[in-house]
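Throughout, numbering of the chain's residues begins at 1 and tracks the sequence. Atom set for the values below is all heavy atoms of this structure, side chains included, hydrogens, waters and symmetry mates excluded. Because the structure is a prediction, the values reported are computed rather than measured.
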Amino acid sequence: MQTVLITGANRSIGLETAKQLSEKGLFVYLGSRNLSKGEEVVKELHEKGFQNIKAIEIDVTNPESIFKAKKIIENEQGKLDILINNAGILGINPQTASETSVKDIQEVFNTNFFGAISVTQVFLDLLKKSDSPRISNITSGLGSLTLHSDPNWKYYHVKGAAYGTSKSSLNAYTIVLAYELRELPFKVNVIDPGYTATDFNHHSGPGSVESAASFIIKHTLTDENAPTGQFFSNDIEDESGISPW
Ligand SMILES: NC(=O)c1ccc[n+]([C@@H]2O[C@H](COP(=O)([O-])OP(=O)(O)OC[C@H]3O[C@@H](n4cnc5c(N)ncnc54)[C@H](OP(=O)(O)O)[C@@H]3O)[C@@H](O)[C@H]2O)c1
């Protein structure tokens, strides 16, 4: 049975991804920075008939909690097949380049960028024990420098000095990681779930969590011929889903 860890999975896109992966028969570690919140959600899922889901405490900004989560998965599974770095925050609003404080920018980077790196580095040896390891870093179209340079892009005006830059940085890190792991059976990609109605944006997004999760899964449960070091976006009309960097 394939095992997956999803960070920030106690609600919204992460939770829906956990549900869909459980329905597909994977064993899901539902990451939650607050264990009781995660356990409450998992209890409800079990009552609804979802199987093979377990809550695990993981705060991506807290190294001790990441190591603890790794020990649990190592003891229980001995390997990890899929890591979905989903936990993310938006930060303060507005986020002008001229006035957003370094402290506010760092706070967003600590979760969206350094958090994803910390989790990845700690879990890499468990992922290397899988036959077909996958790392999916959840990015945003707002991390695309190419789109942000195009005045005709529909979200051209949605610029954030903390959030967008943290996702552009995550994209850059992902390319470097995919390159490093290119000779191994890893697929390491960034996936933008698309502008989705969640707590993140006060449910303003046009997309559903169901669509966001199934897009993430489509580009995570891939075969050996699938691309690595690629940027997929649910907001790209093209069937390939490939987004410009
Ligand atoms: N919604 C969109 O339109 C959209 C578009 C593009 C990309 N994304 C990306 O998709 C991902 C999920 O977004 P969402 O809309 O589902 O967001 P959300 O509704 O705000 O949920 C965020 C999740 O991340 C968790 N989290 C935050 N900080 C964490 C930390 N330090 N450690 C562990 N978990 C943490 C939250 O936990 P708590 O419940 O404890 O706060 C929550 O479970 C994010 O990376 C986001 O940037 C979203």
Side-chain angles (χ1 to χ4, degrees), residues 1-9 13-31 50-56 58 60 66-67 69-88 115-139 170-193 210-234 236 239-243 245:
M1 183 182 284
Q2 287 218 306
T3 301
V4 54
L5 167 64
I6 310 169
T7 62
I13 295 171
L15 172 56
E16 179 61 27
T17 307
K19 285 160 73 174
Q20 291 188 19
L21 283 171
S22 148
E23 281 172 334
K24 286 182 183 293
L26 281 83
F27 191 93
V28 179
Y29 284 96
L30 181 146
F50 286 90
Q51 315 235 324
N52 304 326
I53 297 196
K54 180 176 175 174
I56 192 162
I58 182 163
V60 304
I66 301 171
F67 280 113
K70 188 235 173 152
K71 271 280 148 238
I72 292 171
I73 296 179
E74 187 168 30
N75 289 341
E76 292 181 357
Q77 309 289 339
K79 63 155 184 159
L80 181 66
D81 297 292
I82 299 168
L83 170 62
I84 302 181
N85 282 309
N86 167 75
I117 295 174
S118 303
V119 175
T120 300
Q121 289 183 344
V122 167
F123 278 92
L124 209 49
D125 63 334
L126 281 189
L127 286 158
K128 283 181 178 168
K129 292 183 176 155
S130 167
D131 294 335
S132 52
R134 302 286 179 263
I135 300 174
S136 293
N137 290 332
I138 305 308
T139 188
L170 182 64
N171 293 355
Y173 174 79
T174 305
I175 285 189
V176 177
L177 181 65
Y179 176 79
E180 184 179 327
L181 299 171
R182 71 196 179 286
E183 304 295 347
L184 299 174
F186 273 85
K187 303 295 176 195
V188 183
N189 293 299
V190 275
I191 305 174
D192 163 29
E210 288 81 6
S211 162
S214 80
F215 188 80
I216 290 170
I217 291 169
K218 176 180 171 191
H219 293 288
T220 298
L221 296 186
T222 53
D223 67 23
E224 68 208 48
N225 302 314
T228 190
Q230 192 52 270
F231 180 176
F232 298 101
S233 172
N234 202 12
I236 295 284
E239 173 59 22
S240 73
I242 292 176
S243 169
W245 293 99

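Evaluation of the side chain to side chain donor-acceptor pair (under 3.5 Å) rule for Thr222 yields Arg134 as partners, not counting sequence neighbours. The side chain to side chain donor-acceptor pair (under 3.5 Å) search around Lys79 returns Asp81, not counting sequence neighbours. Partners of Ser214 according to the side chain to side chain contact (heavy atoms under 4.5 Å, CB included) rule, which considers only residues two or more places apart in sequence or in another chain, are Gln20. Scored by the salt bridge (charged side-chain N to carboxylate O under 4.0 Å, His left out) test, Glu23 finds no partners at all (sequence neighbours excluded). Listed by chain and residue number, Tyr29 satisfy the ring-ring contact (aromatic ring centres under 6.0 Å, His included) test with Phe27 (two or more places apart in sequence, or in another chain). Residues that satisfy the salt bridge (charged side-chain N to carboxylate O under 4.0 Å, His left out) test with Glu74, not counting sequence neighbours, are Lys71. For the side chain to side chain donor-acceptor pair (under 3.5 Å) test, no residue two or more places apart in sequence or in another chain qualifies with Gln230. Listed by chain and number, the residues in a side chain to side chain donor-acceptor pair (under 3.5 Å) with Thr139 are Asn171 (sequence neighbours excluded). Residues satisfying the side chain to side chain contact (heavy atoms under 4.5 Å, CB included) criterion with Ile175, sequence neighbours excluded, are Trp245. For Phe232, the ring-ring contact (aromatic ring centres under 6.0 Å, His included) partners at least two apart in sequence or on another chain are His219. The salt bridge (charged side-chain N to carboxylate O under 4.0 Å, His left out) test applied to Lys129 returns no partner, not counting sequence neighbours.
Atoms CD1 and CD, on Ile13 and Glu210 in that order, are 10.5 Å from each other to the nearest 0.5 Å. The CD1 atom of Ile6 sits 12.0 Å away from atom CD1 of Ile56, with the distance rounded to the nearest 0.5 Å. Asn52 CG to Lys24 NZ: the interatomic distance, rounded to the nearest 0.5 Å, is 14.5 Å. Rounded to the nearest 0.5 angstrom, Leu21 CG and Leu221 CG are separated by 5.5 Å. The distance from atom CG of Leu126 to atom CD1 of Ile73, rounded to the nearest 0.5 Å, is 7.5 Å. Taking CG of Asn137 as the reference point, atom CD1 of Ile84 lies at 10.0 Å (rounded to 0.5 Å).
Atom CD of Glu180 has 12 or fewer neighbouring heavy atoms from other residues, nucleotides or ligands inside a 6.0 Å radius.
Smallest separation of non-hydrogen atoms from Ser132 and Gln2: OG-NE2, 3.5 Å. Heavy atoms only, all atoms of each residue included: Met1 and Gly25 are closest at CG-O, 3.5 Å. Closest approach of Ile138 and Pro193 over heavy atoms only: CG2-CD, 3.7 Å. Scanning both residues, Val119 and Leu83, for their nearest heavy atoms gives CG1-CD1, 3.8 Å. Summarising the geometry of Ser118 relative to Val60, their closest heavy-atom pair is CB-O, 4.4 Å, with the distance given to 0.1 Å. Considering every non-hydrogen atom in both Ser136 and Thr220, the closest pair reads OG-OG1, 2.7 Å.
Looking only at side-chain heavy atoms (C-beta outward), Phe123 and Ile66 come within less than 4.5 Å of each other. Between Pro133 and Phe186 there is a side-chain heavy-atom pair separated by less than 4.5 Å. Proximity of Leu124 to Leu181: side-chain heavy atoms (C-beta onward) are separated by under 4.5 Å at one or more points.
Within the 3.5 Å criterion, the main-chain N or O of Ala178 finds no donor-acceptor partner in the side chain of Thr228. Without hydrogens or angle criteria, Asp192 side chain to Ser233 main chain gives no donor-acceptor distance under 3.5 Å. For the pair Thr174 (side chain) and Leu170 (backbone), a donor-acceptor distance under 3.5 Å is present.
For residues 215-231, the set of pairs meeting the salt bridge (charged side-chain N to carboxylate O under 4.0 Å, His left out) definition, not counting sequence neighbours, comprises Lys218-Glu239.
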Please assess Thr17 against Asn86 for the test side-chain hydrogen bond (donor to acceptor under 3.5 Å, both in side chains), listing each intermediate value before the final yes or no. CA-CA 10 Å; Thr17 307; Asn86 167 75; 5.8 Å; no
Applying side-chain contact (heavy atoms from CB on, under 4.5 Å) to Tyr173 and Thr120, what does each step give before you reach the verdict? CA-CA 11 Å; Tyr173 174 79; Thr120 300; 4.2 Å; yes
